[in-house]
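Computed from a predicted model, the values in this text were never measured in an experiment. One-based numbering along the sequence shown. Just so you know, these numbers use all the heavy atoms, side chains as well, and skip hydrogens, waters and symmetry mates.
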Amino acid sequence: MKSLDLILRKAKLRSGEVRDIGIKDGKIVEISGKIKKRSDKEINVDERLTTPAFVNLHVHLDKSLIGDAVGGNVDTCEGGIRRTWEYKKRYTVQEIKKRANQVVDLAVVYGCTRIRAFADVDTIGGLNPVKALLEIKKERANHVDLQVVAFPQEGILKDEGTEDLLYQAMELGADVVGGIPWIEFGDDQKRHVDIVFDIAKRFGADIHMLVDDTDDPTSRTLEYFAYKAIKKKYFGRVSASHAGALAAYDNSHAARVIQMVRDAEMTIVSNPHISLMLNGRRDVGLIRRGITRVKEFLEAGVNVATAQDDVNDPYYPFGKMDQLEVGFLMAHVAQLGTPAELEKVYDMITLNGAKAMRYQDYGLQAGKTADIVIIDADNIKDAFRFQPVRLYVIKNGKIIAASTSKKKIIKI
């Protein structure tokens, strides 16, 4: 019999079924109770949880690990933007790569092999962040699939010259057009969205914007973003992060916006760690959680993901690129604790992120790319509960990280 490149024996799937998984030429070729073929490389998974590797749909790799250098965490998003200015003036491609590669290493160790990384595009740091992340995308292709977002952190109209830089960033090879319309003034918020769609249309690119990351109940950029996506028929190609102001809307209006988001086939990305840290800071007594209406989006059938937004930068002092930690926080802050809800949370760090990135090759089925994480847990509840070691991380059918530490939880 023709040998396989790798066989995972006795892998426990999310369903609880125990199966062998056969891998050849980077693809999953067979999942069955007992694979009869042999391989020179076989792993006895010993009924440990085996799932597709994690997806991180929103992280600022270019700003990661500068938190201490710029004086630590601040208490507002706007404060974080200002605090980076002096540091960004000194950006070099190599310096950004050095920091960002450390964060990619963390992601790999914790079982994340697909990342959408935001790179600031502005008149302060220029195109160095985009150039750095594009080099990492190429150099680390054996470890992660990286989508680079050309992101106008300082605004497009506020920071004159950024629109031209965004076109240049896309010409360099950025994958996704980013946006942050809510920080603009007045009607410039809509103009910001319009410009992003114009650029995306020019390059045939998807869009990922940060919208309404504020406690202000009058902030309305998610609504216009969804409206524009529907009008431009950009269905399934748009993602929106944060949308915190939606939680402060009148319930009737919020329901209409959620309907628009669903009709646009938009993905909502809620990042609980940063929302808990920054939003609701001015509240007294009853302090809001800061996240968007996650449960209502889920009930409406909207694709919802969650991600590690920041790693030790001015916005957030922690962060280790562990999607199980991110999901653990989401389960708490969105109050998703039933067995069915925990399944949805696990989807948020796997399948839903891959859907937003439009990866057709993702999943634990025959014919899909063998991007797999094996976790020292019996099930996803225990994975979230203990956030245990990732025993093996597999990318394109090859083992890229492994741990010899293994400790089953003793059940009484």
Side-chain angles (χ1 to χ4, degrees), residues 5-6 23-28 50-62 64 96-97 100-119 129-151 169-170 172-178 203-208 236-239 241 267 269 303 305-309 311 321-324 326 346-365 367-374 390 392-401:
D5 296 332
L6 175 64
I23 297 167
K24 180 73 175 178
D25 297 328
K27 300 287 186 180
I28 298 170
T50 304
T51 78
F54 298 123
V55 178
N56 193 329
L57 193 56
H58 177 169
V59 63
H60 296 271
L61 285 184
D62 60 329
S64 293
I96 295 169
K97 286 177 63 177
N101 267 316
Q102 293 178 61
V103 180
V104 171
D105 288 342
L106 284 173
V108 169
V109 167
Y110 286 113
C112 180
T113 63
R114 307 203 185 201
I115 299 172
R116 178 172 280 179
F118 286 66
V130 170
K131 292 176 181 177
L133 297 195
L134 286 173
E135 288 189 15
I136 290 175
K137 175 182 177 177
K138 181 178 180 180
E139 294 167 2
R140 301 298 300 272
N142 290 333
H143 297 140
V144 294
D145 289 319
L146 198 67
Q147 287 187 354
V148 178
V149 183
F151 177 58
M170 298 306 294
L172 285 173
D175 304 286
V176 179
V177 186
F203 291 93
D206 289 359
I207 297 171
H208 194 148
R237 302 189 63 183
V238 287
S239 297
S241 287
T267 292
V269 190
N303 190 52
T306 187
Q308 179 75 66
D309 186 353
V311 180
M321 292 297 283
D322 185 353
Q323 287 297 94
L324 283 179
V326 173
Y346 205 86
D347 286 344
M348 290 183 198
I349 56 176
T350 52
L351 300 171
N352 296 0
K355 179 180 179 180
M357 297 173 82
R358 299 204 293 142
Y359 284 128
Q360 301 299 314
D361 67 330
Y362 179 87
L364 203 62
Q365 298 101 29
K368 303 294 186 181
T369 296
D371 283 14
I372 298 169
V373 60
I374 301 171
R390 309 316 113 92
Y392 294 94
V393 182
I394 297 166
K395 175 67 181 167
N396 295 327
K398 298 184 183 300
I399 298 169
I400 59 171

Quiz prompt | Lys398 atom NZ, neighbour heavy-atom count above 12 within 6.0 Å | solution = no
Quiz item: Can you pull the salt bridge (charged side-chain N to carboxylate O under 4.0 Å, His left out) pairs that have at least one residue in residues 52-61, sequence neighbours excluded?
Solution: none
Main-chain N/O of [Y] paired to [X] side chain as donor or acceptor, under 3.5 Å:
{"X": "Lys368", "Y": "Gln360", "answer": "yes"}
{"X": "Tyr359", "Y": "Leu351", "answer": "no"}
{"X": "Asn352", "Y": "Ala305", "answer": "no"}
{"X": "Arg237", "Y": "Gly204", "answer": "yes"}
{"X": "Asp62", "Y": "Pro129", "answer": "no"}
{"X": "Gln323", "Y": "Thr306", "answer": "yes"}

Quiz prompt | Within-4.5 Å side-chain heavy-atom neighbours: Arg390 and Ile374 | solution = no
Quiz item: Mind checking whether Phe151 and His208 have ring centres under 6.0 Å apart?
Solution: no
Practice problem: Please identify each residue that fulfils side-chain contact (heavy atoms from CB on, under 4.5 Å) with Asp175, with sequence neighbours left out. | Solution: Lys137, Gln147, Val148
Quiz item: Of the options Asn142, Asp371, Asn396, Asp145, which is the one that meets Thr113 in a side chain to side chain donor-acceptor pair (under 3.5 Å)?
Solution: Asp371
Quiz item: Are side-chain N/O atoms of Arg140 and Asn101 paired as donor and acceptor at under 3.5 Å?
Solution: yes
